[in-house]
Amino acid sequence: MRSGLRRAPLLSFALAMDAERRYDPAEIEPRWQRVWAEEGTWEVANDATDQRPASYVLEMLPYPSGEPHIGHLKVYSVGDAVAHFHRRTGRRVLHPMGYDAFGLPAENHAIATGVHPRDSTAAAIESFQKQFRRWGISIDWTREFGTHEPRVYRWTQWIFLELFKRGLAYQKQAAVNWDPVEETVLANEQVKDGRGERSGALVEVRQLTQWFFAITEYADRLLDDLVGIRWPEHVKTMQRNWIGRSEGAQVTFACDDLGTEYPVFTTRPDTLFGATFFVMAPEHPDVLRLAEGTGREQAVAEYVNRALIADKQLRGDADKPKTGVALGRTVTNPVNGEQLPMYVADYVLMEYGTGAIMAVPAHDERDFAFAHAYELPVRRVISDADPDGELPYTGDGPLVNCGPEFDGLPNREALGSIVSWLEGQGTGSASVNYRLRDWLISRQRYWGTPIPIIHCADCGLVPVPDADLPVLLPDVEDYKPKGRSPLAAAEDWVNVACPSCGAAAKRETDTMDTFVDSSWYFLRYCDANNDEAAWDPAAVAQWMPVDQYIGGVEHAILHLLYARFFTKALSDLGHLPAGVQEPFAALFTQGMILRDGDKMSKSKGNVVAPAPLVQRFGADTARCYILFIGPPDQDADWSDNGAEGMHRFLGRLWRLCAEAADELPAEAVPDTIGADDERLLRKSAWAIDKVSSDMGERFNFNTAIAAVMELVNELTPAKRGEAAPGSVRFALGTAASLLSPFAPHVSADAYHLLTGERVWEQPWPVADPALLQAEGFELVCQVNGKVRDRVSAPTGASRDELLALARATPKMRTYIDGHDVIKEIVVPDKLVNIVVRP
RNA sequence: GCGGGCGUGGUGGAAUUGGUAGACACGCCGGCUUUAGGUGCCGGUGGCGCAAGCCAUGGGGGUUCGAGUCCCUCCGCCCGCACCA
């Protein structure tokens, strides 16, 4: 009240005039964006002489479709905050942007409307560019590209050929996942619960010749190198599970009738003596041959046919009763010569291991269920604590029924001995199996990078010569896939001379999975305008690996695994500095923005679009609110009111700075300070410390922003008290400075009004340690662990002093007097707890 | 089934190592100023109770002087994998 009443009439008049100078993001934001664009503020050179540490901050590149949605606003708000913070803490920061521009939605749109995917993609990219600029994201736009541009996919093709030349890209016939809606094959990673990830259609298994990348060759390295990267533990776990390494043994069972041998993979060679039957997958190529001449032919053929056409998902259900039929043959158990009856059953999968298993019903639940259903013998070979305990028993114990050589050995020890024994006999060896399979990259679709291979009747698979790259995507009339790639219809394009022998030959018509494009785009940013090479290794050496990668957890397996594989393979091929083995040194996965607890989706009609939001409140408000709503790695529920609150806060900060710039003399913090000065300076130091640690050590932007709010709350004219103008200006400047990674425009404007300086050119503030050290604190006084009183006490007071203070207060006396004190606990600078006998 | 995460006011959330539960904000209530109105400013706001106080972090139990935090157990929600031999 006092300061308000003291104001002269002239000042109120000035205030009334100021009322028109309200916080106006529509004016502020474009003005600063223009400065940054004209000066190329966020551009960074590949300058090896720059002594500042390099920092590569990258958000997952967007798939350009329609308009950016709220998830884009979140990921780029998080990434931009990191980029700004890194810059202001003395690093030179690479923060680029591009577009994952090939893909099915644009192509499906083309099928529906006839609009070329190139045109719809260009339109989407334009609207993304517009929004990103409108949001004021600090991007080095000189490095921008789309993966659909020939100058980029030329190098995607080059990488393919490099992998091809080293045998890491190859063609094979295999049982593959066919999506009947998208009419293309899919990688295993793109099939969820037996359904195509995009279309939701049940996938069919087809035998087709397709292109693969040999990611399984890198299984162990992909597994081992997870320990060295700073990724969320659950993402690492998902990758480990996906790779699915298991150690065990390969054991060979011979079928003497046919003179054939069948290896099986088992993680439990210690149970080999307990094998009582043998099972093959319905897809196993020998199944029909085995049944031949046994009288079982028809039963087997019927079972196999039924299994092959059955729903893949239903078949995979572990609760489904076990079914199968006998093959009428036996195999020999190599450890004891027993003849084991052979079965075909759909609980054995062709894709894992060898497509055949030894069945040990006593110690495996699935084998037990099968044995139970078909009344097969069950033989215990591992003793339980209770020797007659229930079977199947999957725990550990000493071996029984395994012959004099192994009986009595603890099963885990016996495991090694049995494998050695098998090795000696030539019937088995230690072996490792993976769940991971090679990455199927062919797509029978139009809008992707053409595979640069020519099929020649004489020469076979011939790589397109480097001079002929890029193989440009031809224009076609009809984008609709008809069980083959739409490219096959472009006959002028398909028919070429073999580069090797000159004879008539045909181009490969499949395109690559778009995940191939996103497996190396982060390398291209390092040297985005290089026409001579995909990148200069020296440029890559300056920036890679990405210091902070940010994106959605939905890519935990697909993109993040493929990119790791590419990085290792390209490093092995000598195209990357040897030290670059991992693409992303640190990963942050942001949560989704929900609406009323639900995912936003057009069909639910609960979508919050960023554009109207930014239009209404400004980019700073939208960005800050989205960071303030909760910890960025968690899902968060959207609230319109919350955005309004953030807008009020930014307005208050801006107004306080503008008023201070007008009304308070531009003085420094005085040498001798009063209590109110000290309070503001201490609060400033506290906020600097809090924001710095929230930014640097964790990504707690919500609490960082809350700390700035607390600081600003101390700075309203009514709360400033007698603080000197210099102190107020310092504290306001600190608030603007601390907020700049989240709200770059209003911070720049407020800071400039206050100081005439550019906030983004200022080093990150450092708290004065003397001001962080409080000189007094509120001593919490407890009796039996319950708070009974609080008194002020000097920092660093001794144990006895604190006890004396606590015991002296009247309230404490009422709880202590007349009771025996059993124990006194003192936590320095915090609390005293006096334990009394009740 | 296996693995991981989560559960705190009317709401979003805070509480770095066990030490004042509910920072900051939304919403709501009251007041002031100004206005045509939004805006702005000040104060209040977990529940019960007149108060002293008691109760409160999904439920139950435990360890401890002290538990949102550690342990056991149960319930609920979310995510990933799943007949992987």
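Chain identifiers are assigned alphabetically (A, B, ...) following the order of the sequence lines, protein sequences preceding nucleic acid strands; residue numbering begins at 1 within each chain.
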B/rC84 and B/rC74, which share atom name P, separated by this distance in whole Å | 25 Å

Of the candidates B/rA14, B/rC84, B/rC26, the side chain of A/L349 sits closest to B/rC84

Counting any heavy atom closer than 4.0 Å, what does A/R788 reach on the DNA or RNA strands: base, sugar-phosphate only, or nothing?
-> sugar-phosphate

Scan A/G645 against the nucleic acid and name what it touches under 4.0 Å (heavy atoms): base, sugar-phosphate only, or nothing.
-> sugar-phosphate

Within the structure shown, what part of the strands sits under 4.0 Å from A/K320 by heavy-atom distance: base, sugar-phosphate, or nothing?
-> base

Side-chain atoms of A/N641 come closest, of B/rC26, B/rC84, B/rG66, to B/rC26

Touch check for A/F253, heavy atoms < 4.0 angstrom, all strands: base, sugar-phosphate only, or nothing?
-> nothing

Just call it for A/V553: base, sugar-phosphate, or nothing, with non-hydrogen atoms closer than 4.0 Å on any strand.
-> nothing

Indicate, with yes or no, if the rings of A/H284 and A/Y262 have centres closer together than 6.0 Å.
-> yes

Listed by chain and number, what are the ring-ring contact (aromatic ring centres under 6.0 Å, His included) partners of A/F370, not counting sequence neighbours?
-> A/F277, A/Y343, A/Y347, A/Y374

Please work out if A/D346 contacts a base, only the sugar-phosphate, or nothing of the nucleic acid, heavy-atom cut-off 4.0 Å.
-> base

Under the side chain to side chain donor-acceptor pair (under 3.5 Å) criterion, do A/Y815 and A/D789 qualify, and how do the steps go?
-> CA-CA 11 Å; A/Y815 288 96; A/D789 206 355; over 6 Å; no

Please state the C1' separation for the pair B/rU57 and B/rG68 - nearest whole angstrom.
-> 5 Å

Check nucleotides 20-23 of chain B for protein N or O atoms closer than 3.5 Å to its own N or O atoms and list the pairs.
from, atom 1, to, atom 2, distance (Å)
B/rU20, O2, A/R790, NE, 2.6
B/rU20, O2, A/R790, NH2, 2.8
B/rA23, O2', A/E710, OE2, 2.7

Within less than 4.0 Å of OP1 or OP2 of B/rG53, is there a side-chain N or O belonging to A/Y815?
-> yes

Using the P atom in both, what is the distance from B/rG7 to B/rC26, to the nearest Å?
-> 24 Å

Taking for each residue the nucleotide of RNA chain B bearing the nearest heavy atom, is the 5' side occupied by A/T237 or by A/I629?
-> A/T237

A/Y625 and A/H647: ring-ring contact (aromatic ring centres under 6.0 Å, His included), yes or no, with the steps?
-> CA-CA 8 Å; A/Y625 173 61; A/H647 190 247; over 10 Å; no

Take atom P in B/rC48 and the same atom in B/rU11, then report the distance between them in whole Å.
-> 15 Å

Do A/D220 and A/R245 sit within salt-bridge range, that is, some charged N less than 4.0 Å from a carboxylate O?
-> yes

Indicate syn or anti for B/rG9, taking the glycosidic torsion and treating anything within 90° of 0 as syn.
-> syn

Atom C1', compared across B/rC75 and B/rC65: separation rounded to whole Å | 32 Å

Taking C-beta and beyond as the side chain, do A/K690 and A/D694 meet within less than 4.5 Å on heavy atoms?
-> yes

Can you figure out which of B/rC65, B/rC42, B/rC84 approaches the side chain of A/V835 most closely?
-> B/rC65

Of the listed B/rC42, B/rA85, B/rG66, the closest approach to the A/T716 side chain comes from B/rC42

Nearest-Å distance, CZ (A/R22) to P (B/rU35)?
-> 15 Å

Can the ring centroids of A/F628 and A/F701 be said to lie less than 6.0 angstrom from one another?
-> no

Distance between the P atoms of B/rA25 and B/rU45, in whole angstroms?
-> 14 Å

Given the P atoms of B/rG60 and B/rA56, what is the spacing between them in whole Å?
-> 9 Å

Between B/rA15 and B/rU20, how far is it from one P atom to the other, in whole Å?
-> 13 Å

Please, what dot-bracket string fits RNA chain B when only Watson-Crick and G-U pairs with both distances under 3.5 Å count, crossing ones use [ ] and pairs to another strand use |?
-> (((((((..(((......[....)))((((((.......))))))(((....)))..(((((..]....))))))))))))....

